[in-house]
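Following: one structure in structure tokens, then a few remarks.
Just so you know, ligand 1 is whichever comes first in the structure, and atom 1 is the first atom listed for that ligand. None of these values were measured; they are calculated from a predicted model.
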Amino acid sequence: MNRLHGLLGLGWTLGISALAEVPVIPRPTKVEEKAGTWQITEGAKVRIGNQPESAVILDLLSKASGRKLEAAKEGEAASVVFSLGKPAVEDGPGAYKLQITEKGALLSAGTGEGLFNAAQTLAQLLEASPNAVPAVSISDSPRFAWRGYMLDESRHFSGETAVKRLLDAMAHYKLNRLHWHLTDSSGWRIEIKKYPKLTSIGGRGNETDRSDNAPVQFYTQEEIKRIVAYAAARHITIIPEIDMPGHADAAVLAFPEHDGGGMIQKGDPKKWPNFTFNPAKPETLAFLDDILKEVAPLFPNAGMIHFGGDEVNFGWKKWPELPDVQSLMKKENLKDLPAIETWFNRRMAGTINGLGLKTGGWDEIAERDLPKDKTVVFWWRHDKPGILRKALDDGYPVVLCPRRPLYFDFLQDPSHKAGRNWGGINPLADVYDFPAGLKLSEKDEKQVLGLQACLWTETCLTQARRDFLTWPRLVAVAESGWTAPNRKDFASFEARLKLQLTWLKSHGIASWDPFAKSPEVSDQGAAVDYPDKPE
Ligand code: ACM
């Protein structure tokens with residue numbers, strides 16, 4: 001059917017003795033190889049049941065096998081059978097079992113999510129060896145429930161086609177959370193019908209082009225709904241981020257009345273003059289409430305709105321001069337700037353919680369006195385392990401996404417030039433090892449929801465560069481998030497990764513090739529004036 005099969009088919013046949021394992025990423029929990037092989041035929045019948053994502057699964061397996069497969073009718077024999085309701089293993093909704101015999105494949109799980117994961121494993125086996133899949137019995141379940149990726153749309157915009165391609169690739173590796181950073185100082189990227197200027201003015205330009213005739217780029221609500229549904233059919237939850245009270249320049253450009261003052265970025269005195277929202281003005285709070293209320297229903301399965309909360313102290317110097325802040329301080333007996341920030345956080349988290357949602361926020365919020373059962377902390381400051389410790393000790397659920405090694409705007413190879421190097425870079429091996437260095441206790445591990453990589457796009461003018469920085473490191477995140485520590489092995493991962501570089505390429509994704517050391521995609525000419533964020 002395509003180039004992939006020639007390469008991968010040979011890969012597994014040859015590779016099986018070298019790999020001594022099935023060519024699947026993330027590496028499954030338990031694999032028993034059996035005698036014999038199964039050949040899937042053109043028109044083979046697949047019994048999927050009435051999952052909402054049946055069409056997605058049928059298409060996935062047809063493409064993976066290079067054959068047009070058909071849904072089995074009631075009572076018709078099928079060679080691929082999905083069985084819901086027989087949990088393969090007790091632990092976790094993502095768990096599944098896959099048995100391949102000479103006659104066909106049986107995929108069983110207690111949830112639709114588990115079945116979808118089983119389908120992805122089967123797809124990888126078919127891609128590797130479409131003409132003779134070795135018989136095997138796999139029992140598998142994830143280490144962490146949250147296996148994610150954050151995409152910054154503000155600095156440079158990706159668009160619907162690229163995001164859908166990303167979602168397909170995430171699903172291929174059983175990644176299940178897309179944290180969508182939709183607003184920041186460089187551009188507001190989500191349509192808010194009550195405030196069209198947010199996008200018509202705030203959506204103009206990006207990190208590289210701030211001119212008056214720069215294009216306006218944002219997602220309409222219709223596009224957002226389509227993308228969220230596309231993700232849901234692939235068992236990926238999209239969590240929107242509306243950053244506040246900092247990173248507000250784009251919104252304040254459209255609505256100057258909500259300005260709370262700016263900050264001077266190291267190395268660039270022009271950035272960012274309107275970095276914060278006014279944290280105390282009643283009209284500003286009502287404006288932010290309106291936005292959150294419009295955002296919530298666009299993400300019906302998110303269970304959360306991420307409200308940023310990061311780096312506020314870089315831009316709060318003007319706050320004490322604002323009359324609304326002065327009267328709030330008096331009224332609420334607020335003594336200092338952190339107290340104002342805490343008051344603002346609690347106020348906006350109240351709106352989010354009132355919508356029946358949890359509040360997500362960057363790790364600064366661990367010091368902002370938010371309700372533990374309604375708040376998720378995203379630990380990003382790798383150089384502040386004490387904040388992670390505090391968040392865990394205080395009982396917050398935590399997503400791990402430390403700059404090192406999980407920020408993908410850091411260099412991935414010492415030979416590369418464009419990107420961050422803050423006392424170190426983020427090579428594939430470090431991404432793969434994570435989170436071993438944290439030495440999470442059993443108790444910690446229960447509170448850690450999981451991990452995610454973050455792509456900040458200051459230096460990404462093109463999709464080619466976004467792909468270059470993301471892949472193959474995101475494949476390593478998938479295995480780190482899924483596979484138990486005693487099953488992780490970097491040499492084995494690298495061996496299996498080679499096949500996946502071919503898969504990524506055949507799906508239009510321009511991964512960096514760490515084996516061939518393919519050339520750097522630097523987008524030179526882009527804003528590479530690091531550091532972009534003051535410390
Ligand atoms: C962040 O990198 N400011 C979360």
Side-chain angles (χ1 to χ4, degrees), residues 146 148-156 177-189 207 239-251 262-268 271-272 275-277 304-316 341 345 348 359-368 370 375-388 391 396 398-411 419-426 431 434 449 451-460 466 469-470 473 477 527 529-535:
W146 186 296
Y149 177 69
M150 188 222 75
L151 178 62
D152 167 15
E153 295 277 7
S154 178
R155 275 49 177 254
H156 290 99
R177 295 288 190 285
L178 177 65
H179 168 177
W180 216 6
H181 187 77
L182 288 163
T183 73
D184 209 305
S185 290
S186 312
W188 183 281
R189 307 297 184 201
E207 182 80 9
I239 295 92
E241 180 180 348
I242 308 295
D243 208 342
M244 62 182 77
H247 296 271
D249 287 77
M263 62 119 159
I264 301 303
Q265 177 173 299
K266 244 194 255 171
D268 188 345
K271 288 180 180 172
W272 292 99
F275 183 72
T276 62
F277 289 112
M304 184 190 304
I305 291 180
H306 193 298
F307 79 158
D310 56 320
E311 301 183 313
V312 185
N313 59 321
F314 296 140
W316 67 9
E341 186 181 328
N345 272 223
M348 297 320 301
T359 308
W362 299 105
D363 63 36
E364 286 88 337
I365 69 165
E367 295 182 303
R368 302 273 80 93
L370 296 170
T375 305
V376 175
V377 172
F378 289 63
W379 179 59
W380 66 282
R381 291 177 294 179
H382 68 284
D383 50 345
K384 294 201 184 322
I387 286 286
L388 171 62
Y396 287 105
V398 174
V399 174
L400 304 171
C401 47
R403 279 179 296 214
R404 294 206 30 221
L406 294 186
Y407 271 23
F408 284 179
D409 50 342
F410 278 67
L411 301 175
R420 285 175 169 152
N421 178 346
W422 288 2
I425 64 171
N426 291 342
V431 177
F434 187 79
L449 298 179
L451 45 94
Q452 72 177 30
C454 298
L455 183 67
W456 300 101
T457 58
E458 281 91 341
T459 63
C460 299
R466 285 188 283 277
L469 289 175
T470 301
R473 287 186 288 190
V477 169
D529 55 337
Y530 282 118
D532 69 307
K533 289 178 182 167
E535 277 299 288

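Against a heavy-atom cut-off of under 4.0 Å, W456 is close to the following atoms of ligand 1: 1 (C), 2 (O), 4 (C). In the vicinity of E311, heavy-atom distances shorter than 4.0 Å reach the ligand 1 atoms 3 (N).
Without hydrogens or angle criteria, T459 side chain to G419 main chain gives no donor-acceptor distance under 3.5 Å. With hydrogens and angles disregarded, a donor-acceptor distance shorter than 3.5 Å links the side chain of R404 to the backbone of G423.
For the side chain to side chain donor-acceptor pair (under 3.5 Å) test with R403, the passing option among D383, D409, N426 is D383; the others fail.
Annotation: Y407 places an N or O atom under 3.5 Å from an N or O atom of ligand 1; distance criterion only. Considering both main-chain and side-chain atoms, D310 comes within under 3.5 Å of ligand 1 through a nitrogen or oxygen pair.
In summary, the side chains of W180 and E153 do present a donor paired with an acceptor at a separation below 3.5 Å, with no hydrogens or angles considered.
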